[in-house]
Structures are given as C-alpha cells and as structure tokens.
Amino acid sequence: MTMNAAQRTGWILVWNDEFDGVSVDRSKWDFDLGNGFYDYRVHQWVPGWGNEELQYYTGDPENVQVRDSCLHIRAVKAPLHGCGYTSARLKTKARDGRTLFSKLYGRIEARARVPSGKGLWPAIWMLPVDDRYGGWAASGEIDLMEIVGEQPHEVLNSLHFGSSYPCRSLITTTHRLPGGSTVADWHTYAVEWEPGEVRFYVDEVQTCTYRHWWSCSRLDGTRGVEATSDADLNPWPAPFDQPFYLLMNVAVGGNFPGHPNEHTQFPAELIVDWVRVYDKVGGYGEPGLRGAGVMPWEPGHQSERRVQAEYEHVATSERT
C-alpha cells in the first residue's frame with residue numbers, strides 16, 4: 001500500500017489490512033470455527049449461529065486464502081461435521097476473548113466483490129467488544145454491508161439495537177446499485193460513526209444517516225423485554241458509545257436468505273481488496289440529541305423498519 005492511496009481528507013488512517021502477504025495476518029484476525037457458539041450468559045450452546053445457518057466455519061485454505069493482494073472467503077458445498085457447507089468468518093477479536101483491534105467512532109471502509117445467489121449471506125459488520133448493555137442486540141450491531149443472496153443489485157446498511165433477544169430492534173436501508181452494477185463488481189462499503197450519528201456510504205454515495213436508536217438492559221429471566229419508558233433506557237447514545245470489532249464472512253442459509261437452490265453457485269467467494277479504519281481529524285464532539293423516531297412505548301413503533309435509500313449527497317472526502 002502507498003500512503004497516498006489510503007489518504008482521505010479530514011481523516012487519519014489508524015489501522016488497515018491490504019492483504020499483501022501470503023496468508024491471513026493472525027495478529028489482526030482470528031477465525032470463528034464450527035456451526036454455533038456457547039452463550040456463557042445462559043450456559044447454552046446456540047446452533048446455527050442463532051440464525052439456523054447451514055455452514056461450518058473453518059480456517060482451512062479451502063475456505064480462506066490470501067492471494068493476488070486480496071482476501072478470499074470461500075463458501076464451499078462440502079459436508080463437514082453434520083453441515084452441508086463450509087465457509088469462513090474472520091474477526092478482529094480472538095476466540096479466547098483477546099481484542100486484536102477495536103474502534104470507538106471513526107470511519108471504517110472495505111473494498112470488496114461480493115457473491116450472490118439464493119441462500120448466500122455475505123457480510124462485513126461490527127459487534128461490541130463487551131456486551132456492556134446486555135446480550136444481542138441491546139449492546140448493538142453495525143452492518144457495513146450485507147445482501148440477500150438473490151438480490152445482487154441491492155446492498156443493505158443496518159443497525160441492530162434495542163433490547164436483548166427476542167426484543168431487538170432493527171433499522172435497515174436498501175441501496176440499489178446504479179447503472180446495472182451488481183455486488184459482484186468492486187465497490188467500497190463504509191460507515192462513518194460519530195457520537196449520536198451513524199452514516200453509511202457505498203462508493204462515496206451517502207446512502208443513509210441514523211440518529212435514532214436506544215438500548216434497554218431489562219430482562220425477564222434471560223429474555224429481553226421492551227422498554228416501557230425513558231427510565232428503562234441506557235443513557236444516549238448507548239449502545240453505540242463503546243468499542244466495536246470487525247467481522248467478515250459468507251454465511252449459507254439461515255432465517256434471512258433461506259436455503260440455497262439448484263441455481264446457487266459454489267464456491268461462492270467474498271473477495272476483499274483492503275480494510276481501512278480512520279480517526280476524524282480534530283476528534284469527536286459531544287453527541288447531539290436523539291433524532292426523531294418512534295420509541296417502543298409509542299404508537300406506531302416497529303421492531304423492524306426497512307426503508308429505501310434516499311441519496312443525501314456524494315461525499316466530498318474523496319481519496320487523494
């Protein structure tokens with residue numbers, strides 16, 4: 001990487017991976033392995049990663065490679081340990097709990113080519129280092145890019161927040177790629193995250209801005225419950241006021257994209273050219289007030305809100 005290639009007006013590069021080596025840099029990334037996780041809060045195994053996903057994650061070369069200055073995450077149709085598919089999920093938090101890299105506020109961006117097809121669920125996203133406000137999604141989730149596999153012309157930019165499962169809330173914006181382009185082409189996906197505001201971009205086009213969310217830590221046993229008043233909420237701008245780490249993966253199947261069909265092409269590769277993280281020149285101010293929106297106890301509240309992108313402007317902070 002030349003430094004000029006990563007310069008960005010108003011931002012300072014603080015972390016990056018250009019994938020110029022011959023293997024995954026294990027000082028930056030670890031792998032999730034298997035077909036689920038152990039929830040230490042309730043001492044229970046959660047199969048299918050909580051979404052009834054069909055893949056078994058590995059760190060094997062068949063599923064993850066670095067070559068031609070790119071990272072290749074490959075979902076393969078191959079049985080392993082009771083699963084019909086294998087794939088890979090990389091993250092900047094080690095499986096033993098160590099944080100390899102995390103960020104509170106900044107600009108996070110990745111240039112990638114993304115697979116599509118029924119039942120594929122590729123994503124570049126972020127989770128909190130610590131579940132400070134409770135289990136998912138009371139402590140938040142930021143999705144720079146995910147797609148519904150059979151919609152190759154559309155990119156989703158999402159925030160998950162609210163209460164712990166099953167009372168999580170979601171707002172997602174669908175950005176339709178212009179000019180007949182698809183996610184299989186090279187695109188840059190980015191989020192600019194500041195106190196009280198999260199902005200998403202695709203190829204420098206600002207797809208959406210979010211200023212309305214909340215976090216509630218109330219539980220009924222181990223299950224989250226909806227907030228019934230301001231008194232139930234964690235202080236604004238929780239949960240997006242804590243460090244998050246990065247993840248990249250290709251899931252197969254699950255509640256969101258459904259099962260693959262006979263037309264789904266395997267291997268399915270998410271190819272990442274680079275990942276870059278920036279700090280804002282001059283730092284970050286205090287959060288503004290929560291933006292307009294409907295709270296859980298107000299009429300018209302929807303736990304899942306899906307909107308079509310309204311292009312606010314083209315970013316002026318072009319690379320130089």
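Residue numbers run from 1 in the order of the sequence given. This structure is a prediction, so every number in the text was calculated from the model and none was measured. The analysis underlying the following values was restricted to heavy atoms, covering all of them including side chains, and did not include hydrogens, waters or symmetry mates.
Taking the side chain as every heavy atom from C-beta outward, I142 and L159 approach each other to under 4.5 Å. Side-chain contact between Y245 and D30: absent, with no pair of heavy atoms (C-beta onward) separated by less than 4.5 Å. Within the 4.5 Å cutoff, the side chain of D60 has no heavy atoms near those of the T86 side chain. With a 4.5 Å cut-off on side-chain heavy atoms, K93 and L127 do not count as touching. Put simply, the side chain of Q242 does not reach to within 4.5 Å of the side chain of V129, judged on heavy atoms.
Nearest approach of L100 to R26, heavy atoms of both residues: CD1-O, 4.1 Å. Listed here is the closest heavy atom pair of V183 and S116: CG2-CB, 4.3 Å. For the pair G196 and P287, the tightest heavy-atom approach, listed with the atom from each and the gap, is N-CB, 4.0 Å. Smallest separation of non-hydrogen atoms from T173 and Q308: CG2-C, 4.1 Å. Nearest approach of G293 to E298, heavy atoms of both residues: O-OE1, 3.8 Å. Closest heavy-atom contact between P115 and P122: O-CG, 3.6 Å.
Here the NE2 atom belonging to H72 is positioned 7.0 Å from the CD atom belonging to Q65, to the nearest 0.5 angstrom. Atoms NE2 and OH, from H43 and Y38 in turn, are 6.0 Å apart once rounded to the nearest 0.5 Å. Separating the CD1 atom in I171 from the CZ atom in R306 is a distance of 11.0 Å, to the nearest 0.5 Å. Between atom OG1 of residue T207 and atom CZ of residue F200 there is a gap of 7.5 Å, rounded to the nearest 0.5 Å. The line from CD of Q55 to CG of N63 is 10.0 Å long, rounded to the nearest 0.5 Å. Here the SG atom belonging to C167 is positioned 7.5 Å from the CZ atom belonging to R223, to the nearest 0.5 angstrom.
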Going through the distances and angles, do M248 and V275 end up as a side-chain contact (heavy atoms from CB on, under 4.5 Å)?
CA-CA 10 Å; M248 301 186 292; V275 180; 3.9 Å; yes

Show your working on salt bridge (Lys or Arg N to Asp or Glu O under 4.0 Å) between D273 and R113 and close with a plain yes or no.
CA-CA 8 Å; D273 187 6; R113 296 177 59 184; over 6 Å; no

Is there a side chain to side chain donor-acceptor pair (under 3.5 Å) between N234 and S217 once you walk through the steps?
CA-CA 7 Å; N234 296 306; S217 299; 3.0 Å; yes

Give the intermediate values and the outcome of side chain to side chain donor-acceptor pair (under 3.5 Å) for residues E226 and W297.
CA-CA 8 Å; E226 289 282 24; W297 57 85; over 6 Å; no

Please walk me through it: do Y40 and D131 pass side-chain contact (heavy atoms from CB on, under 4.5 Å)?
CA-CA 12 Å; Y40 288 95; D131 288 336; over 6 Å; no

Check step by step if side chain to side chain donor-acceptor pair (under 3.5 Å) holds for Y189 and N157.
CA-CA 9 Å; Y189 306 97; N157 301 136; over 6 Å; no

Please walk me through it: do M295 and H212 pass side-chain contact (heavy atoms from CB on, under 4.5 Å)?
CA-CA 9 Å; M295 301 304 291; H212 180 82; 3.3 Å; yes

Show your working on side-chain contact (heavy atoms from CB on, under 4.5 Å) between Q302 and V294 and close with a plain yes or no.
CA-CA 8 Å; Q302 297 175 307; V294 181; over 6 Å; no

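Under the 4.0 Å criterion applied to side-chain N and carboxylate O atoms, R98 and D96 are assigned as salt-bridge partners. The residues R199 and E194 are annotated as salt-bridged, a charged nitrogen and a carboxylate oxygen being separated by less than 4.0 angstrom. Looking at E109 and R8, a side-chain N of the basic residue comes within less than 4.0 Å of a carboxylate O on the acidic one, giving a salt bridge. Classification of E269 and R67 as a salt-bridged pair holds, one side-chain N sitting under 4.0 Å from a carboxylate O.
Crowding of H301 atom NE2: a count of heavy atoms from other residues, nucleotides or ligands under 6.0 Å exceeding 12. E304 CD: more than 12 foreign heavy atoms inside a 6.0 Å radius. Annotation for Y165: atom OH does not count as buried by contact number, only 12 or fewer foreign heavy atoms lying within 6.0 Å. Remark: K77 NZ is loosely packed, at most 12 non-hydrogen atoms of other residues, nucleotides or ligands lying under 6.0 Å away.
Partner of H187 under the side-chain contact (heavy atoms from CB on, under 4.5 Å) criterion, chosen from T182, V155, D203: D203. Each of F101, W193, Y105 was checked for a ring pair (Phe, Tyr, Trp, His ring centres under 6.0 Å) with F244, and the lone residue meeting it is W193. When F266, Y56, Y57 are each tested for a ring pair (Phe, Tyr, Trp, His ring centres under 6.0 Å) with Y85, only one passes: F266.
Side-chain contact of W49 with D32: a donor-acceptor pair under 3.5 Å is absent, judged by distance alone. Judged by distance alone, the side chains of N249 and W125 do bring a donor and an acceptor atom under 3.5 Å apart.
Ring pair H160/W136 is tilted by interplanar angle, where 30° to 60° counts as tilted.
Side-chain heavy atoms closer than 4.5 Å link hydrophobic residues (I, L, V, M, F, W, Y) into clusters, and following such links, possibly through other members, connects W29 to L144.
Aromatic ring centres of W236 and W213: separated by under 6.0 Å. In this structure, W274 has its ring center at least 6.0 angstrom away from the ring center of F19. Note: Y210 and F240 fail the aromatic proximity criterion, with ring centroids not under 6.0 Å apart.
With hydrogens and angles ignored, the 3.5 Å screen pairs no side-chain donor or acceptor of S69 with any backbone N or O of D20. D232 contributes a side-chain N or O that, together with a main-chain N or O of T228, makes up a donor-acceptor pair within less than 3.5 Å. T264 contributes a side-chain N or O that, together with a main-chain N or O of N261, makes up a donor-acceptor pair within less than 3.5 Å.
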